[in-house]
Structures are given as structure tokens and as C-alpha cells.
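Reading through the C-alpha cells given below for one structure.
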Amino acid sequence: MLTSSLRQTPMMFGLWLRSYRRSPLRLALVMISICASALTFVTGMNLSDALDQAKPAAPANAYLMLAAGAGTEARSFLPLSAYEQLRTGFSASPALRGKALHAALVLPADIVLGERDGDRVPTLMRGLPADDAGGLAGLTLMEGRLPLPGRRELLLSPALDAWIAGRKAGPVLKLGHVEWRVVGVAQRAGVSREVEMYSTLPALQQHFEVSDIVSSISMTLDPVQLAEVRRLSEQVEGIRVDLLRLNDYGGRFVAHLQSQLNKFWIAFQVLTVTCTGFGIYTIALALEIERDRVRQIVLQLGYLPLAVRLGELAEGCAIGILAAGLALLLYALLCHNLQLQSLLPSGAISIGLPASPSGVVPTLIMGAAVGACTFAWLPAQRASQDRPR
């Protein structure tokens, strides 16, 4: 009986699909319903993967010193008096003497190109002190030259330079109604795909009138130096500071964001799948009389009930796979070259939504499962309604 049912299933599958020739609108509505669920699935999955890849990739012994209780690096201001106390302590400590402190003033900024309906990108602006070699601490110059101290001159990260070059903007950017000149491109160590601007610390302190604070201090420490810095930070007067591993700090921020996203994604996915099931069920009810007439005819012609059921399951899988394929196409079109900027603690990271092959198979399986479950539910509902009470 099972063998006969399997032979009859392809014929039933073809019969059910041919039945849509008289009702193409019904097929379109069913596919749109499943497509919405599949699009929600692939978007949430790829966005979660993109956030995971955006976690800082700093060395394991890289640390960040912040004001205790600060919400983000851009607001974790430290008074210069506390910074000077730390520098004095470093000079007096045999374990830390000569150790470089990379202080920075980090300010949020927006770049807007065009007077009306202009393109806008959120960035971070970092003011960095000069190191012993005359360069800006923590930066590797890739093109152009370094900003001169005190002047309104900028270095751009590679991602930001590509964004501006793609819009054919000139070498002058207007920030807060004040013009800054771009003089080069630089890469900051420990992060990837950053969307940032860099200038000298004196320039930011002078032009933004924040001369008495820095945002954070980054340093590379071995275990002995780490213990010594913790001891010194406890002696700083007037402020409590925290010394945190840079990877842990940025990773914790991303993990919290990822957790919130996943909760919303799962809830929205359940909602769309539920609406898909009820939507298909409502659509199917409109033509259930016709489908039931076809079902009765094929049973009289000798088709087995199992073959009829398997044909409906195959019908649901095929429609679900086509709808999922449509969702993947829509995702690829909507997210092509789409970059999302986020002010993460390690920098203004540019997050690109991937269209990786790894997400294709799960989405197709998800579409097939939704279609099969929905079309399996319809006959079960019909059988329970026809059963004598």
C-alpha cells in the first residue's frame, strides 16, 4: 500500500499544482504569506551574524580605562587632572616607567553631504595625542599626511573615506558649521570597518571647548603591569576609574544588542508564521469546496488516501520553497551594499548585512517546513470537522 501511495504521489502533486491555473490569485497570496515569514527569518539571521562579526578584534592584553559607570566610550569622560595623576604614577613606577598611555577625546559627529535630502552618516571623531615618533597614537597612516597640531585637519578611516569618495565629496567637510580639511587616510588598531575621523587632541579640545577632559585611555599590559595599574587607579583622587579588557567591553555591548535583537526577531518570526498559517487557511477555505470535489473524484478513481495526503504535503513544500526563494531574492535586492552604522564602544562600526550561501539553505528549509505544516494542518482540520459528533 505504501509503495502504491508513493507511485501515486507525483501524480497527485501535479494535479494539485494544475488546479491553481483557475485561481492564480490564490497561489500568489499563499506565496506572499510564506515569503513574509521567510524574509523575516533570513533578515534576522544575517543581522545577528553581522553583529557577531562586529565584535572588537583587539589583542587579548589590550585594556581600556574609563570613568566608572559610563554608558559608552563616547561619554566616559575623565578629567585631565586624573589623567595627569596616572601619568605621574606611571613615571614613578618601575614596572610602568616608559609605558605609553593612549588617551583620546571621543566625540559623536554626523557628516551630511548636500543641502537638501543629503546623505548622512553617523561617525565618531577621535582626538589623539602625538606619540614619541610624532604620529598619532594607535593609528597607522595609509595615505596623505598627519594633521598638524591645533589645525582643523582630519584623517579618515578607510570605510569613511570610501563612503565620501563614492559621493564625490571634496577634501573639505563641514562639521558644526565649521570646515575641516581632510589630509589623509589612517587605520586604527584593534577594530575593523570603523567609520571614524581622527585629528589631534589639541584641535578637538580647542575647537569643541572641552579642554579639561579626555574620553578614555587605552594601553597594552602584561599581568604584572595590569596589577600595578589597578593599584594606581585606586589612588586617583576625585574619580573612580575602571580598567576593562577592550574585547570584553566591546563584546559585552554587542552581545547585549544581539540578545535584544534575537528576542524581537523570534517574537516577530512567531507572529509572521502564525499570520501565515491563518492567512493560508482563510484563503484555502474559499476554494475548499472545489478542492474537496477533486479529492472525492480521485479517491473514486482509485487513488489512495495516503497518496492524496502526501500530494498535499508536496504541494505545500514546493510552494514554500518558491516563496522562500522569492524572499532570498528580495533580501539580496534590498540589502545590496547596505551598510548600517552603529556607535559601538570600540568605534563607529559599519555593519554590512551579508548575503552568504550559508543562509540560503536554512531559509529554503524554513519555507518548505512552513508550507508543509500549513497544508498538513488543513486536511487535519477538515477531517476533525467532518467527523460525526
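Each residue takes its place number in the sequence, starting with 1. Keep in mind that what you see is a predicted model, and the values were worked out from it rather than measured.
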Around Q235, counting heavy atoms of other residues, nucleotides and ligands shown, do more than 12 lie under 6.0 Å from its CD? yes
Which is it for L232 and L96 under the side-chain contact (heavy atoms from CB on, under 4.5 Å) test, yes or no, and what are the steps along the way? CA-CA 11 Å; L232 288 176; L96 299 173; 3.6 Å; yes
How far apart are the closest heavy atoms of Y83 and L101, and which atoms are they? OH-O, 3.9 Å
Should L175 and L156 be counted in the same cluster of Ile, Leu, Val, Met, Phe, Trp and Tyr side chains packed under 4.5 Å apart? yes
When P147 is tested against each of T200, L154, L128 for side chain to side chain contact (heavy atoms under 4.5 Å, CB included), which residue passes? T200
Do L146 and L204 belong together in a cluster built from hydrophobic side chains that touch within less than 4.5 Å? no
Is any side-chain heavy atom of I217 less than 4.5 Å from a side-chain heavy atom of V241? no
Non-hydrogen side-chain atoms of L243 and S233 separated by less than 4.5 Å: no
Under the side-chain contact (heavy atoms from CB on, under 4.5 Å) rule, collect the residues that match up with D212, sequence neighbours excluded. none
So how far is it from N61 CG to Q225 CD, rounded to the nearest 0.5 Å? 9.0 Å
So CD of Q187 and CG of D161: to nearest 0.5 Å the spacing works out to 11.5 Å
Look at the side chain of R245 and the backbone N and O of A60, then say whether any donor-acceptor pair between them is shorter than 3.5 Å. yes
To the nearest 0.5 Å, what is the distance between CD (E153) and CE (M197)? 14.5 Å
Ignoring hydrogens and angles, tell me if any N or O in the side chain of R97 forms a donor-acceptor pair with the backbone of S91 under 3.5 Å. yes
Start with the C-alpha gap between L246 and S218, add the side-chain angles, then the distance that decides, and say whether side-chain contact (heavy atoms from CB on, under 4.5 Å) holds. CA-CA 8 Å; L246 182 58; S218 59; 5.9 Å; no
Group every Ile, Leu, Val, Met, Phe, Trp and Tyr by side-chain heavy-atom contacts under 4.5 Å, then state whether V195 and V182 land in the same group. yes
Give, for atom OG1 of T363 and atom CD1 of I321, the distance between the pair rounded to the nearest 0.5 Å. 12.0 Å
Could you state whether V210 and M125 fall into the same hydrophobic cluster, counting links through intermediate Ile, Leu, Val, Met, Phe, Trp or Tyr residues with side-chain heavy atoms under 4.5 angstrom apart? yes
To check you understand the geometry: which heavy-atom pair defines the closest contact between T40 and W265, and what is its length? O-NE1, 3.0 Å
Relative to the ring of W180, is the ring of F208 parallel (under 30°), tilted (30 to 60°) or perpendicular (over 60°)? parallel
D222 side-chain N/O to V224 backbone N/O, donor-acceptor pair under 3.5 Å: yes
Within a strict 4.5 Å, meaning less than it, do heavy atoms of the V178 and R152 side chains meet? yes
Has R167 got a side-chain atom pairing as donor or acceptor with W163's backbone, closer than 3.5 angstrom? yes
For a quick test of reading the model, state the closest non-hydrogen atom pair linking T123 to D110 and the distance between them. N-OD1, 4.3 Å
Residues two or more places apart in sequence or in another chain: which of them pass side-chain contact (heavy atoms from CB on, under 4.5 Å) with T274? V270, F278
Please evaluate residues E194 and L160 with respect to the criterion side-chain contact (heavy atoms from CB on, under 4.5 Å), reporting the C-alpha separation (whole Å), side-chain torsions for both, the decisive distance (0.1 Å), and the verdict. CA-CA 8 Å; E194 68 273 21; L160 182 56; over 6 Å; no
Applying the 4.5 Å side-chain criterion to the ILVMFWY set and letting contacts propagate, would L86 and L226 be lumped into a single cluster? yes
Any side-chain heavy atom of E315 within less than 4.5 Å of one from V30? no
Run V229 and F90 through side-chain contact (heavy atoms from CB on, under 4.5 Å) and show every step you take. CA-CA 8 Å; V229 173; F90 271 54; 3.6 Å; yes
For Q269 and S37, work out which heavy atoms get closest and say how close. NE2-O, 3.0 Å
For residues Q85 and V236, report the shortest heavy-atom separation together with the two atoms involved. OE1-CA, 3.7 Å
Between the SG atom in C373 and the CG atom in L313, the distance rounded to the nearest 0.5 Å is 9.0 Å
Are E196 and R126 close enough for a salt bridge, meaning some N to O gap below 4.0 Å? yes
Strictly by modelled atom types, are E228 and S93 linked by a side-chain donor-acceptor pair under 3.5 Å? yes
Using every non-hydrogen atom in the two residues, find where L155 and A186 come nearest and quote the distance to one decimal. CD1-CB, 3.8 Å
Point-to-point distance, once rounded to the nearest 0.5 Å, from CG of L261 to OG of S48: 6.0 Å
